[in-house]
There are 2 protein chains.
Amino acid sequence: MVQYQDRLDLTFAALSDVTRRGVLEQLGGSQASISDLAERFQMTLTGMKKHVSVLEQAGLVVTEKVGRVRTCKLGPRRLEEEAAWIESHRQLWSARFDALDKIVEKLKTQEKTDGHRKRR
Amino acid sequence: MVQYQDRLDLTFAALSDVTRRGVLEQLGGSQASISDLAERFQMTLTGMKKHVSVLEQAGLVVTEKVGRVRTCKLGPRRLEEEAAWIESHRQLWSARFDALDKIVEKLKTQEKTDGHRKRR
DNA sequence: TTGATACTGAACCATGTGGTTCACTGTATG
DNA sequence: CATACAGTGAACCACATGGTTCAGTATCAA
């Protein structure tokens with residue numbers, strides 16, 4: 001359970017940076033070396049290495065070094081738990097806002113029929 | 001677009017703390033004051049106030065102060081964008097891991113190590 | 001009026017983050 | 001061999017984070 005929470009911590013933290021989300025998107029298209037990514041995101045090798053490490057720590061990316069180049073690709077963790085967490089909470093939200101939803105719906109339709117004027 | 005990315009940043013960062021996820025769960029059950037939450041999570045009022053502010057900043061929680069009590073409840077943002085982001089990336093993963101999928105399926109039927117439910 | 005309650009804000013602390021530079025190691029290649 | 005190239009690690013920087021304490025302010029209740 002603690003592990004589960006820790007993993008959620010790591011993953012959500014990894015996803016909370018626009019560069020790292022970009023890297024994931026990039027790797028969704030094709031593998032890339034650290035240099036490739038560093039160039040694409042206009043950042044030093046060292047900087048990109050850190051981002052990749054964060055993603056690797058979270059299990060979202062795996063890397064392998066062959067010769068002098070480290071190749072990065074999407075990892076085995078597929079955001080199942082994160083998707084599950086978010087889904088279950090979206091349901092909480094939904095339960096809580098069903099009533100509100102109806103009111104909003106009602107207001108919308110009234111607006112349409114009522115318009116801004118009251119009498120013609 | 002920038003705003004969209006910023007919001008994702010804020011939301012994922014808000015979700016990357018176990019206390020804040022706990023608060024959301026709590027508020028899914030019922031409204032609560034800052035004091036309620038502080039007590040539940042064994043933390044000072046000031047500390048809890050900060051967490052609530054982070055959640056509020058991300059639009060996940062709204063609060064209203066009546067008298068001297070600030071009441072917190074789930075906010076209007078319902079993780080639609082986050083769910084969408086994760087879903088779209090899960091599809092990338094899927095495309096990439098179809099073969100692995102079968103292996104995992106096989107393993108799943110053999111052992112049940114994780115107590116968490118499947119999504120949806 | 002007095003006092004307790006509920007929160008707020010400033011200040012502080014330790015640690016983490018996102019980025020850099022610089023010096024270095026190991027690998028390819030002319 | 002000599003040199004360039006890809007990555008690594010340490011050190012540094014400014015700033016954010018997760019928490020605290022302490023000193024308020026505003027509100028409720030007796």
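Quantities reported herein were computed from a predicted structural model and do not represent experimental measurements.
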- Query: Which is true for A/Gly47 with a 4.0 Å heavy-atom rule: it touches a base, it touches only sugar-phosphate, or it touches nothing?
  - Reply: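 Base contact - A/Gly47 has a heavy atom under 4.0 Å of at least one base atom.
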- Give one of base, sugar-phosphate or nothing for A/Ile34, where a contact means two heavy atoms less than 4.0 Å apart.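 Sugar-phosphate: the residue A/Ile34, judged by heavy atoms under 4.0 Å, touches backbone atoms but no base.
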- Please name the pair of heavy atoms, one in A/Leu27 and one in A/Cys72, separated by the smallest distance, quoted to 0.1 Å.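 Reported closest heavy-atom pair: CD2-O, 3.4 Å.
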- Task: Compare every heavy atom of A/Val62 with every heavy atom of A/Leu74, then report the nearest pair and how far apart it is.
- Result: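 Heavy atoms of A/Leu74 and A/Val62 come nearest at O-CG2, 3.8 Å.
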Can you tell me the distance, in whole Å, between the [atom1] atom of [X] and the [atom2] atom of [N]?
X: B/Lys65; N: C/dT5; atom1: NZ; atom2: P; value: 16 Å
X: B/Lys49; N: D/dG18; atom1: NZ; atom2: C1'; value: 15 Å
X: A/Leu37; N: D/dT8; atom1: CG; atom2: C1'; value: 16 Å
X: B/Leu55; N: D/dT17; atom1: CG; atom2: C1'; value: 14 Å
X: A/Glu39; N: D/dC5; atom1: CD; atom2: P; value: 13 Å
X: B/Gln42; N: D/dT20; atom1: CD; atom2: C1'; value: 15 Å

- Hey, can you tell me if B/Phe12 and B/Trp85 have their rings parallel, tilted or perpendicular (30° and 60° cut-offs)?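 Perpendicular, since the angle between the ring planes exceeds 60°.
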Kindly say if [X] contacts the phosphate of [N], meaning a side-chain N or O under 4.0 Å from OP1 or OP2.
X: A/His51; N: C/dT17; answer: no
X: B/Arg70; N: C/dT8; answer: yes
X: B/Thr46; N: C/dT8; answer: no

- Query: Side chain of A/Arg68: nearest nucleotide among D/dT21, C/dG26, C/dT21?
  - Reply: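 Minimum distance to the A/Arg68 side chain belongs to C/dG26.
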- Query: Considering heavy-atom distances to DNA chain C, does A/Leu45 or A/Val66 have its closest nucleotide positioned more toward the 5' end?
  - Reply: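 By nearest-heavy-atom nucleotide position, the 5'-most residue is A/Leu45.
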- Item | Short side-chain donor-acceptor distance under 3.5 Å, B/Thr71 and B/Glu64 |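 No, no side-chain donor-acceptor contact under 3.5 Å.
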Under a 4.5 Å cut-off applied to non-hydrogen side-chain atoms, are [X] and [Y] in contact?
X: B/Leu60; Y: B/Leu79; answer: yes
X: B/Met48; Y: B/Glu39; answer: no
X: B/Val61; Y: B/Thr63; answer: yes

- Looking at residues 10-21 of chain A, who's got a heavy atom less than 4.0 Å off DNA chain D?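 Under 4.0 Å from DNA chain D: no residue of residues 10-21 of chain A.
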- 5' priority, DNA chain D, between A/Lys50 and A/Val69 [closest heavy atom]: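 The residue mapped nearer the 5' terminus is A/Val69.
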